[in-house]
Amino acid sequence: MTPTPFGHKHLLGIEPLRPHEITMILDLADKYVDQNRATEKRSTALAGLTQINMFFENSTRTQASFEIAGKRLGADVMNMAMQASSIKKGETLIDTAMTLNAMHPDLLVVRHPHSGAVDLLAQKVNCAVLNAGDGRHEHPTQALLDALTIRRAKGRLHRLNIAICGDVAHSRVARSNLMLLGKMENRIRLIGPPTLVPSQFAEFGAEIYDDMHEGLKDVDVVMMLRLQKERMDGGFIPSEREYYHRYGLDADKLARAKPDAIVMHPGPMNRGVEIDGTLADDINRSVIQEQVEMGVAVRMAVMDLLAQNLRAERLAKAG
Amino acid sequence: MTLFFTNARLIDPEAGTDSPGHLLVQDGKITEVFPKNIELEQIFRARGISPEDVEIIDCKNRCLAPGIVDIGVKVCEPGERHKESYKSAGLAAAAGGVTTMVTRPDTSPTIDSPEVLEFVTRRAQADSPVNVLPMAALTKGRLGREMTEIGFLMDAGAVAFSDCDRVISDTKVFSRALTYARSCGALVIAHPQEPILSKGAAATSGKFAALRGLPAVSPMAERMGLDRDIALLEMTGARYHADQITTARALPALERAKANGLDITAGTSIHHLTLNELDLANYRTFFKVKPPLRSEEDRLAVVEAVRSGLIDIISSMHTPQDEESKRLPFEEAAAGAVALETLLPAALRLYHAEQLDLPTLFSAMALNPAKRLGLPSGRLSAGAPADLLLFDPDVPFVMDRFALKSKSQNTPFDGQRMQGRVLATYVAGTPVYWRT
């Protein structure tokens, strides 16, 4: 096989990536940011390739981001709302994958409510598989877009103090970010009530805080996580208002961070639950809109690299 | 019919010895054990046996041990015969050196009435080359509400009562069932686990489950379940066996209960003795068992507990699952692994690692389970049934799951290097398996 710069067939998680590969993705994404800001946004990296978005879990934002990314690179993009389809008729994940595989897609973008499901699917198909979130496991493109946002705002992606706040336990975004930011040699703090921040994460080198005032002291980046509605009713935290009081990000708590600290959120936000609405809209502190913009660029970069691999592999096979 | 096993390495768990010798079998029973240095002619002359009537089996210094008595084998009859039948399980058992399968009642329908038990016994007798002793459910439908007809079921041949991996969460129901079982002299086998805390768990909580994003249970749930059961035993005085003790934190409670004179024994599964949570690696569902695989510290503590005798019994916890129930995302996949044929080579890993010697292994796999169920087997002494296992502990091989005799081939050891193979298995002096 012809060696390609990016040596992975799939993007299933941040875990297998090496630091220089992360940098490679981000560098390419920077170029796509410029392309996306230009009037003529289309290029041809995925021309002739078929991209199928399989979302076994509802998502508007991520699916739209992948769809736009694919279309801007010239792919034929198809969306499948898996919740409405064969799964309801009792078909297993692997059967669905095999059926799609027979249609010869080149890129499969998959989101699934169970950890490890995307890995399982990747073992059964011939095309490149992109994990768009599996259960509580990984959401690699989210971590990459967060990294790109941080790098552009801070001018670097190392030796930063980064706080990840909220429902770490149920968050694939937190896991992928912890992995990526750790690989790039940043100091990571996890902040939240102990029911939502398992102590085992300390073993990955993160510092764990249950006091947000203390945890935010002198950080460069504040990453908020979405609190799922079903966690709010007394099971994990006593109430929405107590959570907001203790762990919601407001100007008072943010004052503990560095004066130039940025505020991030993977969206969709619960204003007044995990973040103060005014703060979320403060263009001097919040980079939440930039995150969405970087999302498209990062996904274009990843799909471009996976497609290069795919083409090289097929070329090698053909002779 | 007279069999004479010569030049054997005799593994005698009762005496705790591993020494060369010969073993004489007459009419399906072991009649005498001889040390190595006795001449065969001398024995024949002294016992009045003519050499023409004897089948001499030269063991060539391979190990001869009592056949394995495996408590907790799932045969999927009635209900799911495509996963495992008495015939396929029996052949797998024979190939694995298991001469007595003590079968589980968690079938569909549940084995909870004398009628279903009689059906199962009939099927087993017709199809299985090895001994089958059925267990029955402790509560009807394993629902934890009403106790089964323990007396009738014992009359029909039930050797123990268990709701298998379902915990009877209603302590009133469980304490009455234990009290009633005691009056019948019945053995109750329970799965010590706090059912609410462990609900939905697919892994043991810890660094690994956190990394993989799997719903996990604290290992403490096992100790909480065991503590509760021990308190109920103090109340009721029942005969009790914990099916699987798999964590270090549960061991002190078990030790205290034994020291206090309660009628309690404990088992563990071969998977918890030889695998740990890291084996789950990339969500390999063949490693999904119940309770989930534990940390390496827990595994080592359990191995030590088997060595010291605190844990009495090692079982295969043979649980056949078809491909469809395993080819799913980890959380959705069914739990359980087949192990009748891998029990011995997996157990021998502990022997080769010099953690357990062979007499200790065969105490846990043959003698202790036989004793707990009041069976005469599981030993190499005169009068015991000639349920025997001839094996070579050293021969290396790579496990190929498709070579298994079970109808389901969900073994976590697939593709792994193992050592030790069964050469022949005898039930009551009749060969039921021999390796060609």
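Letters A, B, ... mirror the listed sequences (proteins, then strands); counts begin at 1.
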Would you find more than 12 non-hydrogen atoms of other residues, nucleotides or ligands less than 6.0 Å from [X] atom [atom1]?
X: B/K87; atom1: NZ; result: no
X: A/H20; atom1: NE2; result: yes
X: A/E207; atom1: CD; result: yes
X: B/R401; atom1: CZ; result: yes
X: A/R187; atom1: CZ; result: no

With a 4.5 angstrom heavy-atom cut-off, which part of B/T285 approaches chain A: side chain, backbone, both or neither?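 Contact with chain A: none, neither part.
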Backbone N/O of A/L120 and side chain of B/R327: donor-acceptor pair under 3.5 Å: no
Which heavy-atom pair separates B/A210 from A/F204 by the least distance, and what is that distance?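 Answer, listing the atom of B/A210 first, then A/F204: CB-CE1, 4.4 Å.
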What residue among A/Q200, A/M179, A/E203 forms side chain to side chain contact (heavy atoms under 4.5 Å, CB included) with B/L211? A/M179
Please name the residue in the list A/R175, A/R136, A/E15 that meets the side chain to side chain contact (heavy atoms under 4.5 Å, CB included) test with B/R212. A/E15
So, taking the atom named OG1 in A/T92 and the one named CD in B/E323, what distance separates them when rounded to the nearest 0.5 Å?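 One gets 12.0 Å once the value is rounded to the nearest 0.5 Å.
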